[in-house]
Amino acid sequence: MKRWLKQPHLPNNTVKLCVLDTEKEQFAKELCKLGVRCLSTKDCPLLNKPVASHADMVLHHLGGNRFILAEGEAYLTQQLKEEGAQIQICPIEEKDYPHDVPLNGVKLGKYLIYNPKTLLPSLETEYLNQGAVPIAVTQGYTKCSVAIVNKEAIITADDNIAAQCRLAGLDVLKIFPGHIGINRYSYGFIGGCCGLIGPHELAFTGNIALHPQYDAIYSFLKNHHVDAVCLSKEPLWDIGGILPLQEELGNS
């Protein structure tokens, strides 16, 4: 038995369904070995490569079976509908930043980490009406830039995100930019190469031990009782994140 995650990104039990860009097939294969079924994205024609198929660019989980998807992402839309999801469609005005990131905010427990200038206004309104504590940042690629460890802890290379989240009371590990691969750009983001697959398991698209700040990352995860799960022996690669959708039906 399984259920939709009540809160976006934050599983209470073992994750059984996730979504990710499966262009690099090995990550989905390794997740499958761990018992996690994967939905895949396709290139959204309204976004630029290589982020056109990144889950954190085309999908925003509202909690439960409610999602907002980028206009033009028909493939994932159909998969989610077959799972019983309720779908809203978000228009994409232009391919280039900052018009390409209306879904790229982070609902993290009671917090909403987002750029008020770029997040879809109806998303901001809904979350604030629910009583979410706003953490306004200057980075439009907010979700891409945030590795979620738990509801009160994140890892980021973004100075402003780190500063604002610390002011709000979150525990933040600030790392240096770089050392994460991606096509066409100088480097990828930490949020784009990982995702929780259980309340105490953070899956990485590569070998986290190859990151030059591995010791700091390992210690931070250990302090929060989270284990790193490496999906390959290669360096980390930004695929737009691993977004957990459904979990085992447990007591929590």
Side-chain angles (χ1 to χ4, degrees), residues 2 5 8-43 49-59 61 75-76 79 106 141 143-150 153-157 173 175 177-185 187-222 224-248:
K2 59 183 184 296
L5 268 64
H9 314 299
L10 296 172
N12 291 313
N13 297 295
T14 301
V15 171
K16 305 305 292 183
L17 180 71
C18 72
V19 60
L20 71 161
D21 182 350
T22 58
E23 182 179 1
K24 289 182 176 290
E25 297 178 353
Q26 69 266 38
F27 305 136
K29 289 180 179 179
E30 290 301 315
L31 286 167
C32 184
K33 291 177 184 178
L34 296 172
V36 184
R37 188 162 60 92
C38 300
L39 302 184
S40 59
T41 59
K42 296 289 186 183
D43 281 354
K49 286 181 173 291
V51 300
S53 58
H54 281 196
D56 54 21
M57 295 290 290
V58 301
L59 175 73
H61 188 189
Y75 186 73
L76 181 58
Q79 291 178 85
V106 182
Y141 291 112
K143 176 62 187 74
C144 306
S145 303
V146 171
I148 295 168
V149 176
N150 58 38
I154 65 166
I155 304 171
T156 186
L173 174 63
I175 61 172
H179 313 290
I180 299 168
I182 191 172
N183 290 328
R184 291 183 57 182
Y185 296 112
Y187 55 83
F189 293 119
I190 186 67
C193 68
C194 63
L196 288 168
I197 58 171
H200 304 291
E201 291 182 306
L202 184 60
F204 287 92
T205 61
N207 184 356
I208 188 64
L210 298 178
H211 192 282
Q213 291 178 274
Y214 167 69
D215 289 343
I217 295 171
Y218 173 82
S219 295
F220 189 78
L221 295 179
K222 185 177 180 180
H224 287 280
H225 309 289
V226 172
D227 294 324
V229 177
C230 299
L231 302 180
S232 86
K233 298 179 181 180
E234 304 300 318
L236 300 174
W237 191 266
D238 187 341
I239 63 167
I242 300 166
L243 305 188
L245 305 181
Q246 295 178 355
E247 63 187 356
E248 283 185 342

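Nothing fancy with the numbering, it's 1 onward along the sequence.
When side chains are defined from C-beta on, Leu34 does not count as touching Thr14, because their heavy atoms never get closer than 4.5 Å. Side chains of Leu236 and Leu210 form no contact here, defined as non-hydrogen atoms less than 4.5 Å apart. Side-chain contact between Ile208 and Leu202: absent, with no pair of heavy atoms (C-beta onward) separated by less than 4.5 Å.
Here the CG atom belonging to Leu173 is positioned 5.0 Å from the CD1 atom belonging to Ile155, to the nearest 0.5 angstrom. Taking CD1 of Ile239 as the reference point, atom CG of Leu231 lies at 8.0 Å (rounded to 0.5 Å). A distance of 4.5 Å separates CD of Gln246 from CG of Leu17, quoted to the nearest 0.5 Å. Between Lys42 atom NZ and Gln79 atom CD the span is 8.5 Å, to the nearest 0.5 Å. Atom-to-atom distance recorded for Thr41:OG1 and Leu243:CG is 9.5 Å, nearest 0.5 angstrom. Atom CD1 of Ile217 and atom CD1 of Ile175 lie 5.0 Å apart (nearest 0.5 Å).
Under the side chain to side chain contact (heavy atoms under 4.5 Å, CB included) criterion, Asn183 pairs with Pro50, Trp237, not counting sequence neighbours. Under the ring pair (Phe, Tyr, Trp, His ring centres under 6.0 Å) criterion, Phe27 pairs with no residue, sequence neighbours left out. Applying the salt bridge (Lys or Arg N to Asp or Glu O under 4.0 Å) criterion to Lys2, with sequence neighbours excluded, gives no partner residue. Val51 pairs by the side chain to side chain contact (heavy atoms under 4.5 Å, CB included) definition with His54, Met57, Tyr185, not counting sequence neighbours. Partners of Pro11 according to the side chain to side chain contact (heavy atoms under 4.5 Å, CB included) rule, which considers only residues two or more places apart in sequence or in another chain, are Leu5, Val15, Leu196, Pro244, Glu247.
For the side-chain hydrogen bond (donor to acceptor under 3.5 Å, both in side chains) condition, the pairs that include at least one residue of residues 16-26, sequence neighbours left out, are Asp21-Ser53. Among pairs with a residue in residues 187-215, none fulfils side-chain hydrogen bond (donor to acceptor under 3.5 Å, both in side chains), at least two apart in sequence or across chains. Residue pairs meeting the salt bridge (Lys or Arg N to Asp or Glu O under 4.0 Å) criterion with at least one partner in residues 227-241, sequence neighbours excluded, do not occur; the list is empty. Residue pairs meeting the side-chain hydrogen bond (donor to acceptor under 3.5 Å, both in side chains) criterion with at least one partner in residues 29-38, sequence neighbours excluded, are Glu30-Lys33, Arg37-Glu83.
The nearest pair of heavy atoms linking Phe189 to Cys144 is CB-O, 2.8 Å. Residues Ile190 and Ser145 approach most closely at CG2-O, 3.6 Å, considering heavy atoms. Of all heavy-atom pairs between Cys18 and Leu31, the closest is SG-CD1, 4.0 Å. Across all non-hydrogen atoms, the minimal contact from Gly241 to Leu20 is O-CB, 3.7 Å. In this structure, Asn150 and Leu10 approach most closely via the heavy-atom pair C-CD2, 3.8 Å.
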